[in-house]
Amino acid sequence: DIQMTQSPSTLSASVGDRVTITCRASQSISDWLAWYQHKPGKAPKFLIYKASSLETGVPSRFSGSGSGTEFTLSISSLQPDDFATYYCQQYNSYPWTFGQGTKVEIK
Amino acid sequence: EVQLLESGGGLVQPGGSLRLSCAASGFTFRSYAMAWVRQAPGKGLEWVSSVSGSGDITYFADSVKGRFTISRDNSENTLYLQTNSLRAEDTAVYYCAKDRGYRGSGAFDIWGQGTKVTVSS
């Protein structure tokens with residue numbers, strides 16, 4: 001199975017900050033990587049697919065990059081609605097696997 | 001509006017069974033693979049199972065293989081997860097998710113709110 005490792009596990013930031021989350025795969029997954037935002041008690045929200053393609057309707061302050069084994073999710077200017085947990089997920093091969101999550105909290 | 005609505009969760013004893021359902025609306029259900037993803041208390045997301053648009057191709061995580069069955073009724077726009085021989089470690093919120101592809105691309109663009117399953121005596 002492909003292991004996905006995110007860092008950091010928790011990130012404290014202020015509104016307006018630029019934040020970056022890193023996701024590493026245990027083997028190459030090309031660009032078969034998705035990012036999700038999840039808030040407690042809510043449905044996870046699909047943000048990015050194929051490592052860097054922004055889902056329709058997702059604000060342009062979100063961006064993704066990377067290929068192979070190292071990927072990043074960036075938020076250019078953190079907004080109040082962005083405080084949540086973020087997960088990366090590989091879909092290169094079954095079983096699909098998620099990172100352990102990065103909680104973005106208010107500083 | 002595209003929507004997924006799960007039901008069927010509850011409290012069940014170890015070794016018991018539950019059938020989870022997911023009612024889909026707002027998109028051509030038969031054209032997309034579907035999946036179940038769960039989140040145990042205090043843990044991250046874990047993919048459980050996927051089924052192709054026609055229902056003839058299924059995949060399972062090793063942790064549930066042989067105990068869970070995924071199926072779909074395209075005439076009723078409904079996805080199912082039959083969970084048998086439940087264990088304490090199956091306790092989680094179970095999410096239904098729409099795949100972006102027909103056979104199962106693995107990227108999930110629409111999610112339900114989840115249904116909670118608690119396995120305890």
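Quick caveat: nothing in here was measured; it's all calculated off a predicted structure.
Between His38(A) and Tyr95(B), the ring centre distance stays below 6.0 Å. Checked against the 6.0 Å centroid threshold, Trp47(B) and Tyr94(A) count as a close aromatic pair.
Contact annotation for Glu46(B): only backbone heavy atoms (N, CA, C, O) come within less than 4.5 Å of a heavy atom of chain A. Residue Val93(B) does not touch chain A at all, counting heavy-atom pairs closer than 4.5 Å. For Tyr59(B), the part lying under 4.5 angstrom from a heavy atom of chain A is the side chain only.
The cluster map of Ile, Leu, Val, Met, Phe, Trp and Tyr, joined by side-chain heavy atoms under 4.5 Å apart, puts Tyr94(B) and Val64(B) in the same cluster.
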Practice problem: Under the side-chain contact (heavy atoms from CB on, under 4.5 Å) rule, what do Leu79(B) and Phe29(B) come out as? Steps first, then yes or no, please. | Solution: CA-CA 9 Å; Leu79(B) 174 72; Phe29(B) 183 69; 4.2 Å; yes
